[in-house]
Amino acid sequence: MLLPLLGTHCGTGASARSRPEFDGEATLALAKTQTDFGPRVPGSEAHSQAINWMEAFLQPLASLVQRQPFQIWNPHYEESADGVNLIASFYPEKTQRIMLCAHFDTRPEASAESPPVLEPIDGAVDGAAGTAIMLQMATILSEHEPAYGVDIVLFDGEDIGLTGAGPEYQHWFQGSRHFSSFARQADYKPWFAILVDLVGDKQADYYQEPISLQYAPDVVRKVWDVAAALGVTQFKQSRGQYVYDDHWILNRDAGIPSIDITESISDYAHWHTREDTWDKLSAESLAAVGKVLVGVLYPEE
Ligand SMILES: [Zn+2]
């Protein structure tokens, strides 16, 4: 969006950088649209509907929306499916860039139920919530110029591995693995990346995740300092549990300093169960994360 160049009023740059609000209710509605499609398991009708909807949503907001197609192997069904990462770029002229990301696919197996059930889950907290926050950020970015360029990346094929896949987590994080090989080849080096996953349930708290602290301690500090300054009390100034997630791949394979804003898995009772449904989300909890992201992208000068 261009600022008007005519007129005698000075200091329009300040208004361009004023900090926008983050709308939790609109974000909740964006999460519900996804769960209404049904479980977004690669290869399913709901999965392709969700991709088309997200792409159509982003297209008028971003400078450029790209599809990054790849094949996803589903070890539960022992077959492959078409996968795609979506990349939406904002303010491509800005060289200092921040990457924001989330996975949108949902798990084919309710693997945390006892006994595990080979039925797909809605993935409200685990998939829809992080994606909804990214889409709401896209709306904000289209209306308010941030201090940095931003690339929003929506990963496919994060949650499709088998339980107990081993130290390499084979078949997990397939979208971020694909993206990382592309990023290495293209020499894509954002300043840092913030992944948002397992967020938005009513009681969610966000502790500093150890893999994030290991690879990108300065980014963790920066984000949690913003949360403290904004009075967002869900961000706790202490260490949480390890969560192996797309940020691990981005750090390790793409060399992008990356952190994960995520609940500790043991704090969310419905993780990887058929109970991870839309009614577990709250607008206020989604807004807590969004407000911090807005604080990072729109620093007060
Ligand atoms: Zn998951």
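When a ligand or atom number is given, it counts from 1 through the structure's own listing order.
Between Phe57 and Trp53, the angle of the ring planes lies from 30° to 60°, which puts this pair in the tilted group.
At least one side-chain heavy atom of His272 sits under 4.5 Å from a side-chain heavy atom of Asp159.
The environment of CD in Glu78 is sparse: at most 12 heavy-atom neighbours from other residues, nucleotides or ligands sit within 6.0 Å.
Across Leu195, Val196, Val220, a single residue satisfies side chain to side chain contact (heavy atoms under 4.5 Å, CB included) together with Asp260, and that is Leu195. The side chain to side chain contact (heavy atoms under 4.5 Å, CB included) test with Phe155 singles out one residue from His178, Gln174, Gln68, His103, and that residue is His103.
Between Asp225 and Arg221, none of the side-chain N atoms (NZ, or NE/NH1/NH2) sits under 4.0 Å from a carboxylate O, so this pair counts as no salt bridge.
At a cut-off of 2.8 Å, measuring from the Zn ion (ligand 1), the protein N, O or S atoms that fall short of it are Asp126 OD2, Asp159 OD1, Asp159 OD2, His272 NE2, waters left aside.
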